[in-house]
Every structure is written in C-alpha cells, then in structure tokens.
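As structure tokens, the structure follows; a few thoughts come after it.
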Amino acid sequence: MQLFKEMEGSALNAATGTGNIPCPSSSNKKSKRVSDNVSAYTVQCAKCSKWRFIPTKEKYEEIREKIAELPFLCETAREWRPDITCEEETDLVRDGSWNWAIDKPCIPQPPPGWQRILRIRARGGTKFADLYYDAPSGKRLRSMQEVQSYMHEHSEPGVTLSQFSFQIPEPLEENYVRKRRTSSATLNDMSGAVVPVAATPISWIPPDQSRDFHFGGERNSTSDAEAPAES
DNA sequence: GCCACCGGTGGC
DNA sequence: GCCACCGGTGGC
C-alpha cells in the first residue's frame, strides 16, 4: 500500500532526493515543464501495517511494481533507514493536513529514460488526475495511443507497451472529484466509501504545507493500519 | 507559440 | 456508468 502527498505549484522531483526526505528541487530541470505534484510516497508494511516513507519516486515505483509478489516490510526500509523496525511508530500522522488517495499496485516501472508523471488535479473538477509519460526525447505522451504511435516513429529497443500504464490513483476523499449528474442525484450519498481492492493508498497535501513530514511523529493516530476508508 | 490544465464524450 | 482519449484554452 502506498501513498503520496501532493504539492501544488512548484515542480518537485522526489527522484532527485538522496536522503530520507524528498526535498523540493528543480535541479536537473532545464525547462519549466512540470513534474509530478506529488512530494512523498509511502508504503504500508505487510506485517505491522504501519506506513513508511519511501525516499524516492524510483524506489516507490520499484516497490509498487512488485508489491504483489514482494510485499513491503518495515525491514525493506532499512535500505535507507538502517534502524527501522516494526516497533517504530508509523511515519504518518493523519491530522487532516494530508489528502489521501489509493494508488494501484503492480504498475510497471517506466522504461529506462522515461518518466511517469502524475498530476493531481484541483478539487471539484471532472477528473482526479492526469498521467503522462515523458519520453527520453522530451516528448510528453498522454495516452496508450500516443505511446504506440511514438514507438512507431522512434526506435526504442526493448521497450514494449506493457511497460506503460495510464492508471491513475483514486482520491480517498469522497467528492474530491465532482460527480457527474445522474438522474437519481442525491446530494448526500453516504454509501460512497472508497473501498480499494487490494490497492495502495496515497496521499497528497494542500499547497503550502509541503515540508512537514512526520517521521515517527509523536501524535500517532494509532495505526493508520487499515485501508483508510472508514466512513 | 507552447503547454498545463480542464472538460467533454464515444465506446465499452 | 466509467474511463481512455483528445480538444480547447488561459496563462505564461
């Protein structure tokens, strides 16, 4: 299970982070082309159900790709946090400043040289997010169709369509996305609890609250153990 | 002129 | 009803 938080506005490339905390950075960007507006990635331990921050987008993508056959455990995080155990408090404090979403598991890592870009849209729109792939050439592709025709025109040895997925996560917050008019539209449908199917929660954060990571936060809201879709 | 963002819709 | 796909456009 994974989560991320969103940061609006500035380009953030979690992938450039080498430490524990992905810092907003535009270091290796020459243009103002935007990257993800996601600034942190988190995965849930399959054993203790606590959340652990993942230091880079690449690592997150690697974990996500294999999570079905290779469940994430706290000890996996020792790669970047040598002391971490299941005894440590969860990395996440659900204090309302974070918005959550459910990421899909088993999404392939982008081919080498490619970037998978997720842009969370503003609340109240008709769609939750956009997903793009940036080709090594810099070309931005918006759909499988575009990937396909790009591959037709450019030789990308060893790259296949199966390495692409345009699946976007789901917002946990009901009504983040404006519901389309339906004939039976009642305003308060309480039934809409998001029940992810073996999926991966993600979170993003509203603007201007970008850097307050809660590693081992004190006010642990007990376990964020379960699929955070209560009520 | 470009592109990030958003909405609409055809096809399932 | 959903979502993959793509067109439009405002802001830069």
Side-chain angles (χ1 to χ4, degrees), chain A residues 4-16 24-39 57 64 99-111 113-154 156 159-208 210 227 229:
Chain A
F4 60 76
K5 65 176 185 173
E6 177 220 16
M7 202 180 65
E8 206 166 276
S10 59
L12 170 81
N13 189 354
T16 61
S25 154
S26 53
S27 46
N28 55 1
K29 296 252 170 298
K30 9 177 135 80
S31 71
K32 51 183 172 173
R33 161 154 285 198
V34 301
S35 183
D36 290 350
N37 53 359
V38 171
S39 60
K57 178 182 174 185
R64 179 178 57 191
N99 294 306
W100 290 67
I102 310 291
D103 202 4
K104 305 291 195 309
C106 307
I107 291 173
Q109 294 182 68
W114 291 71
Q115 282 282 327
R116 189 175 188 270
I117 310 293
L118 177 66
R119 298 286 303 172
I120 307 291
R121 290 190 178 188
R123 175 182 274 98
T126 57
K127 272 188 64 183
F128 178 53
D130 292 300
L131 205 283
Y132 315 105
Y133 279 87
D134 282 354
S137 66
K139 172 87 172 161
R140 177 159 284 183
L141 306 172
R142 301 192 292 169
S143 67
M144 228 39 166
Q145 296 289 346
E146 292 187 8
V147 172
Q148 196 160 19
S149 52
Y150 180 88
M151 307 256 274
H152 240 253
E153 293 160 18
H154 302 72
E156 288 279 340
V159 178
T160 68
L161 283 181
S162 66
Q163 290 172 283
F164 298 84
S165 166
F166 284 86
Q167 284 191 287
I168 60 171
E170 293 172 33
L172 260 190
E173 182 193 323
E174 244 182 291
N175 304 326
Y176 185 93
V177 175
R178 190 204 321 155
K179 293 214 171 22
R180 287 183 75 187
R181 248 195 152 63
T182 65
S183 46
S184 63
T186 38
L187 282 179
N188 51 347
D189 80 332
M190 294 314 222
S191 63
V194 179
V195 182
V197 231
T200 51
I202 310 184
S203 85
W204 72 101
I205 199 169
D208 303 328
S210 48

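Sequence lines set the chain letters: A, B, ... in the order given, protein chains first and strands last, and positions in each chain run from 1. Keep in mind that what you see is a predicted model, and the values were worked out from it rather than measured.
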Whole angstrom is fine here: how far is it from CZ in A:R142 over to P in B:dC6? 14 Å
Can you name the one residue among A:I168, A:N37, A:D130 that meets side chain to side chain contact (heavy atoms under 4.5 Å, CB included) with A:I120? A:N37
Global bending angle along the helix from B:dG1-C:dC12 to B:dC12-C:dG1, which compares the axes of five pairs at either end, to 10 degrees: 10°
From A:S165 atom OG to A:Q167 atom CD, the distance as rounded to the nearest 0.5 Å: 4.0 Å
Nearest-0.5 Å distance that lies between atom NE2 in A:H154 and atom NZ in A:K139: 8.5 Å
Round to the nearest Å and state the distance from A:F128 atom CZ to B:dG7 atom P. 14 Å
Would you tell me if any nitrogen or oxygen in the side chain of A:R119 comes within less than 4.0 Å of OP1 or OP2 on B:dA4? no
Name all residues meeting the side-chain contact (heavy atoms from CB on, under 4.5 Å) criterion together with A:R142; count only those two or more places apart in sequence or in a different chain, and write none if there are none. A:Y132, A:E146
If you look at every strand shown and take non-hydrogen atoms under 4.0 Å, does A:R140 touch a base, only sugar-phosphate, or nothing? sugar-phosphate
Just how far, in rounded Å, is P of C:dA4 from NZ of A:K127? 8 Å
Can you tell me how far C1' of B:dC5 sits from CG of A:D36, to the nearest Å? 15 Å
Which parts of residues 143-152 of chain A get close to DNA chain B, meaning a heavy atom less than 4.0 angstrom away? none
Rounded to whole Å, CZ of A:R121 lies from C1' of B:dA4 at a distance of 10 Å
Looking at A:R140 and A:I117, would you say the former's side chain and the latter's main chain have a donor-acceptor pair under 3.5 Å? no
Within this structure, what is the CG-to-P distance between A:N37 and B:dC6, rounded to whole angstrom? 10 Å
In this structure, how many angstroms lie between the C1' atom of C:dC3 and the CD atom of A:E170, rounded? 12 Å
Apply side chain to side chain donor-acceptor pair (under 3.5 Å) to A:Q109 and list each qualifying residue two or more places apart in sequence or on a separate chain. A:E65
Assess whether one donor atom and one acceptor atom, taken from the side chain of A:R178 and the base of B:dG7, lie less than 3.5 Å apart. no
What pairs with A:Y150 under side chain to side chain donor-acceptor pair (under 3.5 Å), at least two apart in sequence or on another chain? A:S137
Taking side chain to side chain donor-acceptor pair (under 3.5 Å) as the definition, give me every residue that meets it alongside A:E156, ordered by chain and number, with sequence neighbours left out. A:W114
Tell me: CZ of A:R33 to P of B:dC5, nearest whole Å? 11 Å
Contact check, side chains of A:R121 and A:T126, non-hydrogen atoms, under 4.5 Å: yes
